[in-house]
Amino acid sequence: MVTTDRYNPHEIEPKWQKYWEQIGLLRASEDSGRGKKAYILVMFPYPSGDLHMGHLKNYTMGDVLARWRTQQGYSVLHPFGWDAFGLPAENAALKFGISPADWTFGNIQQSKESLALMGIQYDWSREVTTCTPAYYKWNQWIFLKMYEKGLAYRKKSYVNWDPVEQSVLANEQVIDGRGWRSGALVEKRELEQWYLKITDYAERLLADLDKLPRWPEKVKAMQRAWIGKSVGAEFDFPVKGHAHKIRVFSTRPDTIFGATFMVLAPEHELVARITTPEQKEAVEAYVAATRMKSEVERQREDREKTGVWTGAYAINPANGKEIPIWIADYVLAGYGTGAIMAVPGQDQRDWEFAEKFGLEIIRTVEPPAGWQGQAYTEDGPAINSGFLNGLYVEEAKQKIIAWMEEKGIGQAKVNYRLRDWLISRQRYWGTPIPMIHCDSCGIVPVPYEDLPVVLPTLKDVEDIRPKGKSPLAAHPEFYQCTCPKCGGIAQRDTDTMDTFFDSSWYFLRYTDAHNENLPFDPTKANFWMPVDQYIGGIEHAILHLLYARFFTKFLHDLGLVEAEEPFEGLFTQGMVQGWTDVGEVVLEGQTLRFKNPERRAKLELPETLTLEEAQKSGAELRTHEDGTLHFWKPATMSKSLGNGVMVGPFVREQGADIARITILFAAPPENEMVWTEEGVQGAWRYLNRVYRLVSENLTELKAQSETFEPAELEGAHKALYQKLHQTIKKVTDDLEALRFNTAIAALMELLNALSDYRKEQGVSPVFRHAVLRYVQMLAPFAPHLAEELWHHFHTTSVFHAPWPTLDEEALKADHFELVVQVNGRVRGRTTVSSNASEEEIRRLAKALPNVQQHLEGKEVVKEIYVPKKLLNIVVRG
RNA sequence: GCCGGGAUGGCGGAAUGGUAGACGCUACGGACUUAAAAUCCGUUGCCCGCAAGGGCGUGUGGGUUCGAGUCCCAUUCCCGGCACCA
């Protein structure tokens, strides 16, 4: 036996990292000779500097898949890059006086070191950094293409204004009325801005979700809800005594006979024109009050309905009735036509409004007998509806729409909640919008040959500070230019693009990262696209993933890429949590009171907790060295909480493979995982056992031949061979489904089997065979250790050896354990030969003493035999 | 309210309608050690029993089935998303 040197990651890991660098492992090539490709992609990050284990989880998952596909012989693309434009760089500049570019590139350097320490391998030759002109030139190119196709346009409208970021935001970036990043209450401002016409793609974005079986249902549901398709009709109500008509959208045109009033959004353009002099004051006051209200106030759920009558009447085209026109803020200016016909009988919101203001309610759908509720929104026969009477909702809709079309009043219409994407930002650190404003020619695109419009380096940090308009607007050397059309004096657009523009197509740039003529070469993109497995956080369920799908469809329409969907498989990983000190607590009887309100609030804990509640929540009380009592609980790792386990120190103390196993084994990857010392210990113990299995038997293993005839194996040898192949099947299947935790559990089981075998049988050809296959299967998870162990036996990389193939024959055991049930309860088990006849098996089962006891004096009614598994004897009496 | 997903030991979690609790952690007992750490061996869902064995057990109540954690119906609770979108 060779003396046992200890598993020493610090020696092993740097050595093999260098080796992989040398052999160009995971350097992608469009080598179609391999027959199959795998594009494994993790969402590229904003470069934030030092990384903690929370950042590393999805990169580790991607690395496992990329290495595994390499072993399987795929052409693998596993690239990385940086979503490098954005506000944090500006904020850092303002805080530390360092330029956004220097700060960004410094962070990138730091982050790269962390990735390298973890042994995560990328094709760095395809690295993409969005803040470089080489990249954002193509943002501008794509923007110009969109402009040409009428998909980029300028519009003056009420927009979301984030007072902290001092910039406008897209709808998708406003969560509960607050800026998604700043958390500040968003204001409405009327501004002229650039939009992308994502609404033109609404139907395709919705329909194609059905072509994505490997996406989480929850993400698809969120996108469907965001797109918000609704089918109905759009039609006109004439205003009494005016030439104006009020156009409304309704999903229930069949209820038109029950429309007893109309409601306009306060911002509706007709409001001022139809309001009668008597009502003018009240209406103007209401409109002004609405403007003052924040989005949050307007959306508060318990809000009572409010509104004001305009004094005007409309004519219900179905029955000629005069109905009053109101304004109310429950009708939104931005959806549909900004006006509704109110049908209180069939709409709960209208019901509430009608009740409050004493307006007429007519039911037009017969509710079921005994109906106690208010508005009835379900199906039923039409009543009080003239020629629709008796028809059920669907039929009635069709008939009324046909009638409207015939009368020229309106027609069927599909509406979406999705709005166009506002992409202008009044910030410095982003892609300049490649447009020129000329006094005589109007808006003129920058000619393609003049791209990129380079973002100027601002030397004084004060120049970067947001002031409510773009910092570039203070720099004539940037914006002063000549009009490409007339040659006269003109000004560049001084806004920059939303950084989500950058991330909407970066995965395509990876396929051809250095192309200087096009964003990417279609041939190369077509080789790699679509991404086979995309891994990232659920927070991008709508924003990034919707925009990326939109861009892919647009670029497809331009003929640049065949794929219409960018990501074939999507995986949203759970967060990594760390034990977190919430701060000192004092115990008052059974109640804990927090002494650090800031941290308490950040972790969404109440001011006080009972001891019982604290325990139930999984929290721990720890006495610190100074004698104070602290409240600890797991919380998502973050810089601001200071609870992140930092990659550098951890890897230097413990090792990368240990970190990788800890992350992958602790929980299913889609779940949250809590990083614990115990988990780390478990990972260490496991890898150490693997290491010793080889090192303690090294001489014998090396001397041992690997030739044997599987069919001739018997007893323990056959059992080991069988266990090996069960494991090959399990690990392969689990990797396919990203079930890393159960794959590692299967490897642990096989390790236990190998140790037991070694103790009883010593080193044999099957043992050597199994150990080497073991090392190969370990390789995606703990690559450094696997490579080290592999090189005791081979001179080339473990990642270049073909993934172990499954021997189906091996799975067929010559014996199996028969479970015997009586009336569905297990009463005995016995080992039976696989070629025993069914008759034989029934006889053996009934001969078991305990089974006999349960059969005694009973009549056998039925026997169910599940081959190679179980016999259930059903008895009576 | 609507949509999506859940509920299994002390904990993380396993289980194509066929042995519930794989694998790991924790805890306990033992070996090694002057001792500790590390390592190794064993026990670890609950209850009764010396044991053989038996009973109970996958949020709750029903159902289908020879057999249900798994399928169906109802219900409670938890997590996530959306929420006056006509």
Side-chain angles (χ1 to χ4, degrees), chain A residues 4 6 175-176 216-226 228-230 232 248-253 255 259 263 265 298-301 303 305 328-343 346-350 352-353 415-419 538 541-542 572 618 661 665-668 670-674 676-686 688-689 692 730 739 741-752 755 759 817-829 849-850 853-854 861-875:
Chain A
T4 63
R6 255 165 79 105
I175 315 286
D176 294 334
E217 209 44 58
K218 112 177 106 168
V219 174
K220 288 190 278 187
M222 283 165 77
Q223 292 214 354
R224 282 191 192 104
W226 187 260
K229 180 180 184 174
S230 56
V248 300
F249 171 76
S250 174
T251 53
R252 294 292 303 278
T255 62
V263 186
R298 277 188 75 163
Q299 286 177 3
R300 263 210 350 257
E301 75 179 293
R303 263 186 58 237
K305 295 273 179 299
D329 64 3
Y330 83 91
V331 174
L332 308 175
Y335 182 77
T337 60
I340 61 160
M341 66 167 185
V343 189
Q346 271 71 233
D347 185 290
Q348 186 59 27
R349 297 157 297 188
D350 297 344
E352 284 161 17
F353 195 84
N415 241 318
Y416 299 90
R417 289 170 67 178
L418 181 69
R419 312 291 157 81
I538 184 73
I542 293 173
T572 53
I661 296 291
F665 180 66
E670 66 274 23
N671 287 14
E672 283 174 348
M673 72 148 296
V674 185
T676 61
E677 191 45 46
E678 289 80 9
V680 173
Q681 278 300 312
W684 193 88
R685 270 198 285 265
Y686 166 58
N688 199 30
R689 285 186 66 206
R692 286 188 354 244
K730 175 81 178 147
R739 287 186 299 246
N741 58 325
T742 48
I744 293 170
L747 286 171
M748 287 174 171
E749 275 190 65
L750 179 56
L751 176 65
N752 294 340
S755 310
K759 256 180 265 164
E817 187 174 58
L818 177 76
V819 174
V820 186
Q821 298 182 331
V822 178
N823 285 351
R825 323 200 54 151
V826 180
R827 296 302 180 189
R829 355 166 158 243
N850 197 44
Q853 260 185 26
H854 285 89
V861 182
K862 198 174 176 183
E863 290 176 21
I864 291 111
Y865 178 57
V866 183
K868 308 234 163 140
K869 249 184 202 150
L870 166 147
L871 180 75
N872 186 12
I873 305 166
V874 186
V875 297

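Here is the naming used below: chain letters follow the sequence lines, and residue numbers restart at 1 for every chain.
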[atom1] atoms of [N] and [M], separation to the nearest Å:
N       : M       : atom1 : result
rU16(B) : rG80(B) : C1'   : 29 Å
rG29(B) : rC79(B) : C1'   : 40 Å
rU70(B) : rG59(B) : P     : 8 Å
rU58(B) : rG53(B) : C1'   : 24 Å

Measure from NZ or CZ of Lys305(A) to the centre of the six-membered ring of Tyr330(A) and say whether it is under 6.0 Å with the direction within 45° of the ring axis.
yes

Need one value for [X]: base, sugar-phosphate or nothing, where a base atom within 4.0 Å counts as base even if backbone is also close, heavy atoms only.
X         : value
Gly682(A) : sugar-phosphate
Pro216(A) : nothing
Asn415(A) : nothing

[X] side chain, from C-beta outward: closest of [options]:
X         : options                   : result
Thr742(A) : rC66(B), rG24(B), rA15(B) : rA15(B)
Ala745(A) : rG13(B), rA22(B), rC84(B) : rA22(B)
Ala221(A) : rG81(B), rA86(B), rC3(B)  : rC3(B)
Arg827(A) : rC3(B), rA86(B), rG55(B)  : rG55(B)

Closer than 4.0 Å, any side-chain N/O of Asn850(A) to the OP1 or OP2 of rG54(B)?
yes

Could you check how far [atom1] of [X] sits from [atom2] of [N], rounded to whole Å?
X         : N       : atom1 : atom2 : value
Glu678(A) : rG12(B) : CD    : P     : 13 Å
Gln223(A) : rG4(B)  : CD    : C1'   : 14 Å
Glu217(A) : rG5(B)  : CD    : C1'   : 10 Å
Leu751(A) : rG24(B) : CG    : C1'   : 13 Å
Leu750(A) : rA22(B) : CG    : C1'   : 14 Å

Lys218(A) side chain near Ile538(A) side chain, heavy-atom distance below 4.5 Å:
yes

Does the structure show a Watson-Crick or G-U wobble partner for rG80(B), both distances under 3.5 Å? Name it, or say none.
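Per the H-bond distance test, rC3(B).
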
State plainly whether the residues Arg224(A) and Glu217(A) are in salt-bridge range, i.e. N to O under 4.0 Å.
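Salt bridge flag = yes for Glu217(A) with Arg224(A).
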
Need the glycosidic conformation of rG9(B): syn if within 90° of 0, anti if not. Which one?
syn

Between protein and nucleic acid, restricted to nucleotides 37-48 of chain B and to nitrogen or oxygen atoms under 3.5 Å apart, what atom pairs and distances do you find?
unit_1  : atom_1 : unit_2    : atom_2 : d
rC41(B) : OP1    : Lys759(A) : NZ     : 3.4

Could you pull out the protein-nucleic contacts involving nucleotides 16-18 of chain B (nitrogen or oxygen on both sides, under 3.5 Å)?
unit_1  : atom_1 : unit_2    : atom_2 : d
rU16(B) : O4     : Lys869(A) : NZ     : 3.1
rG18(B) : N2     : Asn872(A) : ND2    : 3.4

Please determine whether any donor N or O and acceptor N or O are separated by less than 3.5 Å between the side chain of Lys218(A) and the base of rC3(B).
no

